[in-house]
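Side chains are part of it too, since the values below use all heavy atoms of this structure and drop only hydrogens, waters and symmetry mates.
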Amino acid sequence: MVIFPVAYVAQQGISQTTEKEWYEYFMKTGEACKSNTCRLGDSTCECYLTIEHALTMIYTGQGKQAVHLKIEKGKAVRSDNGKEFERSLEETFILADGYKSRIVIAVNGRFPGPTITARENQEVIVHVRNLMHTDSTTIHWHGLHQKRSPWSDGVAFVTQCPILPGQSYTYKFNAKPFGTSFYHAHIGDQRSMGLYGPLIIIPTPGQKVVMPQEGDKVFVAIIQDWNHNDDADTSYQKMLFGDFDSSGLINGRGRFYSSSTFHNDVPLERFEVEKNEDYRFRVISAATLYPFRVFVEGHRPIYILASDGFEIEKKEVESFIIHPGERIDFLLNADSKIGTYLLVAETLEVYSENEYHAAEAIIHYKTADIQLTPQKVTPHTCESSGITCRVFNCPFNQYPSKENRICVNFNNVTSNDPNSNPDEIKSDEVVEMFFNFAFPGENGYTPGSVNGHQFLPPTIAAYAQPDLVDYTCDACNASTICECTYAVTIDKDNKDKVYQFVITNIGGGANWSHPVHLHGHSFYVMKMAFATYDSDGQLVPNGGQDTIDIICPDSKKFCSDAKWRNESWTNGKHPDLNWHNPPQKDTIIIPSGGYVIIRFKADNPGVWFFHCHIDLHNTNGMGMIINESPNSQPKVPNNFPKCNSFENDVEGHPWK
């Protein structure tokens, strides 16, 4: 007679279990959600996540002695005797880039965390347990609007207190909008250690969307830049001084290139395809620092279907660039000769001699023999093919002319999403605001900032304790840099006003392109403007938009009080906005020296973080709070946790 664990029986819907038993069950299976939820027709999607530290290159098993691993010919084997494992077991190993044994943050024993797949408009319930011994955490549900549930947005000290070691926290929110999203830590730099996982919302049936949306012809590829030497805090400190090195991972695995050609044969993620079938790839960037250029070896073209979950008119491209926090769906037709190919995501950086950083995964035709250790991909040679390569989502205006590549950006795409309604942001009473995301400063002090404000997180839960937040930023002005809890209040009267944000990256602090993410909303991309480039793809000196469309009144070029050079453009009257089905996003790259104009309707009362999604820039202060309709924000649930600093006043104590 087979005796099943209580949790297993419960997963079959036969009986109920305690919360602890559910947590333990999903720790064993590596999955996340109850099988009698999250389905088409279910009203809820209920999941359990346990957060804890783990080590790469070690297999702990279930109640067995730990086994150290080593890499041999594209497989992870026992380090003591070289014995191989079943593939189904090997695929659960936490390997990263296979370089020694490094600490990570695992979710339900997996790295990255398990995929949560819900249906549009379901109530998602996620119980999170923190079993890390010394670290607090929170989880942000990136791309979800959190309407009527702002306390579930998961930003430490903005929408909640951190979850302390041993504590748990239950998030509840509506699964909207549909599309490719992800969940990740939102405290410090824990995302860089692996605290993230895919979050997929399937659209309700009957909508006009590009298929497939689910099933065995849909793959998820979550990309991360990976520093195998350092923990998150060390990486942050090194970033401050320009010392950051990385490998690349897809779904938690990647090969370490010790030179431009030699790698260590780590087993890669595999995507199995059949000849002449179409496949949807949901690509997610959980990266800490770098953008990646993504392409498929031996397959041209690919077709862009969606960005940040929102469908766009299909775009034929050779490759695309994805920035931290963005998601891009593409369609691949498996029409090449059967064999083994690589899905490649190369870091967008200038390599030094004998250097190569890329995330890779295997695309394998099922009827062909598989190569477990495929060679490094041969670079696409657009300059010699006679065909101009189209690259989507460049953070610059153009490639060097000799490369024969053309950039396609969000000025060149239109929305095809059934939930898009650009009429909602047409208004004669637009409220316009400028925000400069950059590193301005002087005398060696150039922190990340927004309008010269280096963000200082509150020491309480700002949403639940609004009267205790010190929003004073009096030390800041157009010619100074200050540290404070920078916030801007919008739609104070809750009239669903239309806002136009001009997000800039200009002035003396514009030296890196920034992927900027707005919590609580998606927005329409009305205009992207770039700096001036020469034919070699280099920025022209003094060619930033602060010398073209925008003027910065301060003499130090901090650009914290920017405005339109042409005053007739103010209050939403820019003459070159895209009104033909503008694309929707929640994370947009702000090019160095350029600007992006976005619009949204302020219809979601809450306290929303607005920040650069490069983890190390955000930690350095490049963020702020959008306090939306403060008089109409929903009340937090009963017994909602609160937090604060404690200053011991000894007055009245008996020993005084």
Side-chain angles (χ1 to χ4, degrees), residues 120-121 141-150 153 173-181 201 203-204 206-210 306-313 326-327 410-435 488-503 516-528 569-588 595-610 626-634:
E120 186 180 13
N121 291 320
W141 313 94
H142 189 108
L144 280 293
H145 291 173
Q146 300 294 348
K147 275 204 170 185
R148 295 176 294 279
S149 59
D153 196 44
F173 52 89
N174 182 255
K176 198 171 182 68
F178 71 76
T180 305
S181 296
I201 310 299
T204 53
Q207 299 184 79
K208 187 178 179 181
V209 294
V210 176
S307 177
D308 294 354
F310 290 94
E311 305 243 329
I312 59 177
E313 291 284 353
E326 288 189 306
R327 294 87 67 207
F410 281 93
N411 290 331
N412 311 122
V413 299
T414 57
S415 174
N416 195 30
D417 195 277
N419 289 326
S420 288
N421 179 22
D423 288 341
E424 70 179 3
I425 44 96
K426 292 180 179 178
S427 174
D428 295 329
E429 298 182 3
V430 173
V431 182
E432 184 174 67
M433 295 180 172
F434 282 73
F435 298 103
V488 170
T489 298
I490 68 172
D491 202 33
K492 190 171 183 179
D493 300 325
N494 194 27
K495 294 184 177 179
D496 291 1
K497 292 180 181 177
V498 174
Y499 280 79
Q500 177 164 298
F501 284 4
V502 184
I503 313 173
V516 172
H517 175 52
L518 175 61
H519 291 224
H521 287 276
S522 58
F523 46 75
Y524 294 88
V525 182
M526 308 303 296
K527 170 73 176 178
M528 295 188 75
W569 293 10
T570 59
N571 297 323
K573 296 182 177 61
H574 192 293
D576 191 29
L577 300 183
N578 176 17
W579 288 110
H580 179 60
N581 294 324
Q584 276 184 275
K585 286 176 66 64
D586 57 56
T587 307
I588 185 71
Y595 66 84
V596 175
I597 299 175
I598 66 170
R599 281 197 181 196
F600 65 96
K601 184 166 69 173
D603 58 358
N604 191 14
V607 175
W608 307 117
F609 204 39
F610 183 39
I626 302 296
N627 191 0
E628 182 174 344
S629 305
N631 298 325
S632 303
Q633 292 169 358

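Taking every heavy atom of both residues into account, V525 and I588 meet most closely at CG2-CD1, 4.1 Å. Scanning both residues, P203 and V209, for their nearest heavy atoms gives CG-CG2, 4.2 Å. Heavy-atom minimum distance, G143 versus R327: CA-NH2, 3.8 Å.
Atom CZ of F178 is separated from atom CG of D417 by 4.5 Å, given to the nearest 0.5 angstrom. Rounded to the nearest 0.5 angstrom, H521 NE2 and D586 CG are separated by 11.5 Å. Atoms CD and CG, on Q207 and N419 in that order, are 5.5 Å from each other to the nearest 0.5 Å. Here the straight-line distance linking atom OG1 of T204 with atom CG of N121 works out to 6.5 Å at 0.5 Å rounding. One distance of note links CD of E311 with OG1 of T414; it measures 12.0 Å at 0.5 Å rounding. To the nearest 0.5 angstrom, K585 atom NZ is 12.5 Å from L518 atom CG.
A 4.5 Å side-chain heavy-atom check between N578 and P583 finds at least one atom pair inside the cut-off. Counting heavy atoms from C-beta on, the side chains of I626 and F501 come closer than 4.5 Å. Side-chain contact between H574 and M526 is absent, with no heavy atoms from C-beta onward closer than 4.5 Å. Considering only heavy atoms from C-beta on, N581 stays 4.5 Å or farther from Y524 through its side chain. Side chains of S415 and F310 form no contact here, defined as non-hydrogen atoms less than 4.5 Å apart.
A donor and an acceptor atom, one from each side chain of S420 and Q584, are located under 3.5 Å apart. A donor-acceptor pair shorter than 3.5 Å cannot be found between the side chains of T587 and E326.
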Problem - Evaluation steps, side chain to side chain contact (heavy atoms under 4.5 Å, CB included), between D496 and E424 - result: CA-CA 10 Å; D496 291 1; E424 70 179 3; over 6 Å; no
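Counting heavy-atom neighbours within 6.0 Å of D428 CG, excluding the residue itself, gives a total of 12 or less.
Applying the side chain to side chain contact (heavy atoms under 4.5 Å, CB included) criterion to V488, with sequence neighbours excluded, gives M433, F435, Y486, I490, M624. By the side-chain hydrogen bond (donor to acceptor under 3.5 Å, both in side chains) test, N631 pairs with no residue at all, sequence neighbours left out.
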Can you give me every donor-acceptor pair (side chain of residues 597-610, partner residue at least two apart or in another chain, under 3.5 Å) with its distance?
| from | atom 1 | to | atom 2 | distance (Å) |
| --- | --- | --- | --- | --- |
| R599 | NE | Q500 | OE1 | 2.6 |
| R599 | NH1 | I425 | O | 2.9 |
| R599 | NH2 | Q500 | OE1 | 3.0 |
| R599 | NH2 | G572 | O | 3.0 |
| D603 | OD2 | K147 | NZ | 3.4 |
| N604 | ND2 | H145 | O | 2.9 |
| N604 | ND2 | G520 | O | 2.8 |
| W608 | NE1 | N604 | O | 2.8 |
| W608 | NE1 | E628 | OE1 | 3.4 |

